[in-house]
Amino acid sequence: SFGFQKHAEHLQYGRAFETALLDVDYGALARTLHCDGVSVSDPEELAPALGRAIRAERPTVINVVVDPDAFPAIVAFDRLRKGELADVRH
């Protein structure tokens, strides 16, 4: 999903609009296109996956699976949740 956008819309409008996406394994998709591809869901897996991708010296997709409901670590969001900002748009 567009987690960042989803949370911004929930804070700004009380609901989100069209932020849910299909669950696509981009690592698998890359492999169908004859590239290297891997999916990681544990933060501990990311550094080794990056190392393998760099050593591969060929196109590699690393699909990082994240929690779609995790709230982004963005200061403006924290301030908006506390009512300190009326609008986060620039």
Side-chain angles (χ1 to χ4, degrees):
S1 80
F2 288 122
F4 176 90
Q5 185 65 30
K6 176 175 76 172
H7 292 296
E9 290 179 12
H10 271 287
L11 289 172
Q12 190 70 22
Y13 309 112
R15 61 179 250 192
F17 306 88
E18 302 298 326
T19 57
L21 301 176
L22 296 174
D23 188 17
V24 176
D25 183 343
Y26 292 101
L29 180 60
R31 291 190 300 275
T32 67
L33 299 170
H34 304 285
C35 296
D36 289 342
V38 63
S39 290
V40 298
S41 56
D42 183 335
E44 302 274 328
E45 299 171 337
L46 185 55
L50 284 169
R52 286 189 301 274
I54 291 167
R55 287 188 302 277
E57 296 184 353
R58 54 180 270 129
T60 303
V61 172
I62 300 174
N63 182 55
V64 180
V65 180
V66 297
D67 179 355
D69 294 319
F71 202 83
I74 298 173
V75 175
F77 281 10
D78 290 338
R79 292 174 60 199
L80 186 63
R81 281 198 295 192
K82 293 176 186 174
E84 295 174 6
L85 297 176
D87 193 345
V88 294
R89 292 175 285 173
H90 298 287

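- Of all the heavy atoms in Tyr26 and Val61, the pair that sits closest is O-CG1, 3.8 Å.
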Show which side-chain atoms of residues 41-51 pair as donor or acceptor with protein atoms under 3.5 Å away, not counting sequence neighbours.
from, atom 1, to, atom 2, distance (Å)
Asp42, OD1, Glu44, N, 2.8
Glu45, OE1, Ser41, N, 3.0
Glu45, OE1, Asp42, N, 3.2

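- Remark: Ala16 pairs with Lys6, Glu9, His10, Thr19 by the side-chain contact (heavy atoms from CB on, under 4.5 Å) rule, at least two apart or across chains.
- With rounding to the nearest 0.5 angstrom, the CZ atom of Arg52 is 10.0 Å from the OG1 atom of Thr60.
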Acceptor/donor pairs from residues 28-38 side chains to any protein atom, 3.5 angstrom cut, sequence neighbours excluded:
from, atom 1, to, atom 2, distance (Å)
Arg31, NH1, Gly27, O, 3.3
Arg31, NH1, Gly37, O, 2.6
Thr32, OG1, Leu29, O, 2.6
Asp36, OD1, Arg58, NE, 3.0
Asp36, OD2, Arg58, NE, 3.2

